[in-house]
Student: 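The structure follows.
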Amino acid sequence: MKLLAKELPSPKSIQETPIPGKNQDPLIARNLQKEQYVGIIGLAITLVAAVGFFSRRVEYAIVFALFLSAILIAFFLFI
């Protein structure tokens, strides 16, 4: 164990060199929000259609809840 500790530099001497011109982390996916929103909306439509296949009343309740939620969110954002 002492041999391994002697081979490694101390944490104080390790410095990170920034990449010039890039201040973004390459591991963070950026500019994918549009695709994510399309996927979420498509999933929601599929879910409502699948529920509607089994029960019309539940489908209407889900659609009404989504519509009412969208109206309330828009109302509180623009107040």
Student: Same cluster or not: are Phe67 and Phe78 linked, directly or through other Ile, Leu, Val, Met, Phe, Trp or Tyr residues, by side-chain heavy atoms under 4.5 angstrom apart?
Tutor: no
Student: With a 4.5 Å cut-off on side-chain heavy-atom distances among I, L, V, M, F, W and Y, is there a chain of contacts connecting Leu72 to Phe64?
Tutor: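 Looking at the clustering, Phe64 is in the same group as Leu72.
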Student: Transitively linked via ILVMFWY side-chain contacts under 4.5 Å: Val58 with Phe53?
Tutor: no
Student: Answer yes if Ile41 and Ile73 sit in the same cluster of Ile, Leu, Val, Met, Phe, Trp and Tyr residues linked by side chain heavy atoms under 4.5 Å apart, and no otherwise.
Tutor: no
Student: Going from CD1 on Ile71 to CG on Leu66, what distance comes out if it is rounded to the nearest 0.5 angstrom?
Tutor: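 Spacing of CD1 (Ile71) from CG (Leu66) equals 11.5 Å.
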Student: Which atom pair, heavy atoms only, marks the closest approach of Val48 to Glu59?
Tutor: CG1-CG, 3.7 Å
Student: Atom CD1 in Ile45, atom CD1 in Ile40: separation rounded to 0.5 Å?
Tutor: 12.5 Å
